[in-house]
Number of protein chains: 2
Amino acid sequence: MAVTTRDRILDTTAELFRRYGYTGTGLKQIVAEAQAPFGSIYHHFPGGKEQLGQEVILRSGGMYQELFETILGASPDIVTGVRNLFEGAAELLRQTDYADACPIATVALEVANSNEPLRMATAEVFEGWIEAGAARFASAGVPGEKARDVAIVLITSLEGAFVLSRAMRDTEPVRVAGEATVVALRAALRDAA
Amino acid sequence: MAVTTRDRILDTTAELFRRYGYTGTGLKQIVAEAQAPFGSIYHHFPGGKEQLGQEVILRSGGMYQELFETILGASPDIVTGVRNLFEGAAELLRQTDYADACPIATVALEVANSNEPLRMATAEVFEGWIEAGAARFASAGVPGEKARDVAIVLITSLEGAFVLSRAMRDTEPVRVAGEATVVALRAALRDAA
DNA sequence: GTCTATAGAAGGATAGAC
DNA sequence: GTCTATCCTTCTATAGAC
């Protein structure tokens, strides 16, 4: 079949991590949902839960980055792209009962002071997002020294808005944070002129 | 003594939640660190871990709000106050090995789609922070309809910056988010003139 | 190699001694 | 009422049957 057991485990784990976090997701829960025998986890991931977590973090981070790129690439200009990104996130939240937000933020907070290998994986993802965002903003006309800052503002705004929107079950924080990010981006673009 | 067993349990739990999250913190771990017998948890919190979690969330939220008010109240003007708030957060992160950030964000993400009573507690805290911030910005001269938005920008920026800074072990996200929040606040204040 | 059964530790919760 | 001992479940991980 097109999807291997290994991929099914990775996909299922990513989904469960997003909803229940790292410590809140059990290996038995994963294999049950992925319709795989328990032993297949240790067959495909000899390092156990930690190895599985690492791969899920890096993989989800990469997929989310591709989603960013797709949305921004499909927009006529960078300002519209950023606006579409936040509006799409708000809509997706609403449609998924406020579950479908950042795939790694919950895990990132859980492991930041308790699991160094996993913390490093989340840091690697965030750093990758920042660099990708900075490159895109720079090529859109944001001055070099400002491009990284704008990328950080975008990502921190979105992450923080996810925290509040998921807790409050309201898209308001995502919408407001999106507007603020657009304003910050416009200001940075003005500096270039 | 000045501090009761109940308070010691609440303080200890708040600290452990911040570091390990809700599911990552065990009741046995709590009583061990609080130097209390195991039974005292169910004596003081008959509702078990969930009741304890609820009280910790609301209490930590209130204490953090007081901290906001203290910092903003001690600053000569609102812009300086917001700057001090982010700078203080960055310094505290650095000093505490990037553990001392938002006391409830980790729990908020963990429970958002898995524990409705606890989700409501986190939502109550965030809504309280937004309203307190909006009131303060309004009295500082931000037009009424903008005051709530600025408060949301402040809180989402800080929360998102905490996620990145803790994961990356770098204060850069908090500092950049702080600058952006100051810029947004200044723009809102200009609208009033 | 795929899968089941189970080990050994830790989880939350409770009963009852004192 | 304070505290201890224990219950039952669930956790990660492993051993070994097929």
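Below, read A as the first sequence line, B as the second, and so on, with proteins coming before strands; counting in each chain starts at 1.
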Between dT2(C) (P) and His44(A) (NE2): distance, integer Å
6 Å
Flag the pair Arg59(B) and Asp7(B) as a salt bridge only when some basic side-chain nitrogen lies within less than 4.0 angstrom of an acidic carboxylate oxygen.
yes
Between P on dT2(C) and CZ on Phe45(A), what's the gap in Å once rounded to a whole number?
13 Å
Starting at atom NZ of Lys28(B), determine the distance to atom P of dT10(D), rounded to an integer number of angstrom.
15 Å
Quiz question: by atom type and distance under 3.5 Å, do the side chains of Glu50(B) and Gln54(B) form a donor-acceptor pair?
no
Rounded to whole angstroms, how far apart are CG on Leu16(A) and P on dT12(D)?
12 Å
Counting any heavy atom closer than 4.0 Å, what does Gly39(B) reach on the DNA or RNA strands: base, sugar-phosphate only, or nothing?
base
Quick one: CD on Glu91(B) to CG on Asn84(B), what's the gap to the nearest 0.5 Å?
12.5 Å
Within the structure, does a side-chain N or O atom of His43(B) lie under 4.0 Å from either OP1 or OP2 of dT2(D)?
yes
Without hydrogens or angle criteria, can the side chains of Gln29(B) and Glu33(B) be said to hold a donor-acceptor pair below 3.5 Å?
no
In whole angstroms, the gap separating P of dG11(C) from OH of Tyr42(B) amounts to 12 Å
Can you measure Gln29(A) atom CD to dT12(D) atom P for me and round it to whole angstrom units?
9 Å
Which part of the nucleic acid, if any, lies within contact of Thr25(A), taking any heavy atom under 4.0 Å across all strands shown: a base, the sugar-phosphate backbone alone, or nothing?
sugar-phosphate
Whole-Å distance between dG1(D) C1' and Phe38(B) CZ?
17 Å
Nearest-Å distance, CG (Leu27(B)) to P (dA5(D))?
19 Å
